[in-house]
Asker: 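Take a look at this one; I'll ask things after.
Residues take their numbers from the sequence shown, with the count starting at 1.
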Amino acid sequence: MAYLTFPEYQKFGYQEVTEDDFKRLVVRASDVIDIRTRNFYRFHDLESDIEFRKNQFKKAIALQIERMAILGAVSTAEIDSPTNWSLDGVSVTNGGSGASGDNATSIVSDDALELLSMTGLLYRGTC
């Protein structure tokens with residue numbers, strides 16, 4: 001489920017992406033943020049929520065799109081799997097740092113999580 005329109009994304013002023021890239025990334029970005037917010041807006045109406053939380057949530061989606069566009073990836077597997085090949089005894093490794101590496105790259109935008117941190121959407125206790 002996509003929670004953000006292309007004009008809304010443009011209004012926030014984050015990294016420019018084409019409308020085609022936006023359409024490709026918005027659903028995946030929404031899924032990532034849904035996971036972090038425990039699918040809150042799958043069960044509650046986003047548009048009727050308080051303006052602050054609604055705006056922070058939509059900005060988080062926009063920042064997640066920006067993160068995916070910068071990384072050129074839509075999944076952790078795409079960024080954490082190094083590409084290895086060898087030919088005639090020459091071995092080349094390039095790509096991510098691997099899931100077990102100390103500096104493993106996350107697909108989740110830290111900036112998006114920061115925006116959500118004061119909304120209550122990241123709360124993990126019992127209701």
Asker: Considering non-hydrogen atoms only, spot the tightest contact between Ala2 and Ser30 and give its length.
Answerer: CA-OG, 3.6 Å
Asker: Are Leu122 and Leu63 grouped together when hydrophobic residues (ILVMFWY) are joined by side-chain heavy atoms under 4.5 angstrom apart?
Answerer: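 Cluster IDs for Leu122 and Leu63 match.
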Asker: Please work out whether the ring planes of Phe57 and Tyr3 are parallel, tilted or perpendicular, with thresholds of 30° and 60°.
Answerer: perpendicular
Asker: If you apply the rule side-chain contact (heavy atoms from CB on, under 4.5 Å), what do you find for Leu4 with Phe22, and how did you get there?
Answerer: CA-CA 10 Å; Leu4 186 68; Phe22 175 84; 4.1 Å; yes
Asker: Under a single-linkage definition using a 4.5 Å side-chain heavy-atom cutoff for Ile, Leu, Val, Met, Phe, Trp and Tyr, are Val27 and Ile61 assigned to the same hydrophobic cluster?
Answerer: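 In one cluster: yes.
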Asker: One pair to check against side-chain contact (heavy atoms from CB on, under 4.5 Å): Arg53 and Phe40. What are the steps and the verdict?
Answerer: CA-CA 12 Å; Arg53 185 164 51 190; Phe40 183 82; 4.2 Å; yes
Asker: Hey, does Val108 have a side-chain heavy atom less than 4.5 Å from the side chain of Ile35?
Answerer: no
Asker: Within this structure, what is the CG-CG distance for the pair Asn55 and Asp49, rounded to the nearest 0.5 Å?
Answerer: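 Result: 11.5 Å between the selected atoms.
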Asker: In Å and rounded to the nearest 0.5 Å, what is the CD to CD1 distance from Gln15 to Ile70?
Answerer: 4.5 Å
Asker: Mind checking the OG1-CD1 spacing from Thr119 to Ile50? Nearest 0.5 Å is all I need.
Answerer: 8.5 Å
Asker: For a 4.5 angstrom cut-off between non-hydrogen side-chain atoms, does Val26 reach Tyr9?
Answerer: no
Asker: Run the side-chain contact (heavy atoms from CB on, under 4.5 Å) check on Arg28 and Gln64 step by step: do they pass?
Answerer: CA-CA 9 Å; Arg28 294 298 294 259; Gln64 186 61 48; over 6 Å; no
Asker: Could you walk me through whether Met68 and Ser109 pass the side-chain contact (heavy atoms from CB on, under 4.5 Å) check?
Answerer: CA-CA 8 Å; Met68 290 174 164; Ser109 167; over 6 Å; no
Asker: Apply salt bridge (Lys or Arg N to Asp or Glu O under 4.0 Å) to residues Lys58 and Glu47 and explain how you reach the verdict.
Answerer: CA-CA 10 Å; Lys58 287 186 176 203; Glu47 295 307 319; 2.9 Å; yes
Asker: For Ser106, is there any backbone N or O sitting under 3.5 Å from a side-chain donor or acceptor partner on Arg67?
Answerer: yes
Asker: Would you give the length of the straight line joining atom NZ of Lys11 to atom NZ of Lys59, rounded to the nearest 0.5 angstrom?
Answerer: 8.5 Å
Asker: Write down the atom of Ile107, the atom of Ala73, and the distance for their closest heavy-atom approach.
Answerer: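 Minimum heavy-atom contact is CD1-O, 3.6 Å.
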Asker: Please check if atom CD in Glu8 has more than 12 non-hydrogen atoms from other residues, nucleotides or ligands closer than 6.0 Å.
Answerer: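 Correct, the count exceeds 12.
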Asker: What's the separation between atom OG in Ser117 and atom CG in Asp110, rounded to the nearest 0.5 Å?
Answerer: 11.5 Å
Asker: Out of curiosity, Glu66 CD to Glu16 CD, how far, rounded to the nearest 0.5 Å?
Answerer: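 Going from the CD atom of Glu66 to the CD atom of Glu16 covers 10.5 Å.
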Asker: For Arg42 and Asp31, what are the C-alpha separation, side-chain angles and deciding distance, and is it a salt bridge (Lys or Arg N to Asp or Glu O under 4.0 Å)?
Answerer: CA-CA 11 Å; Arg42 299 265 176 167; Asp31 288 344; 3.4 Å; yes
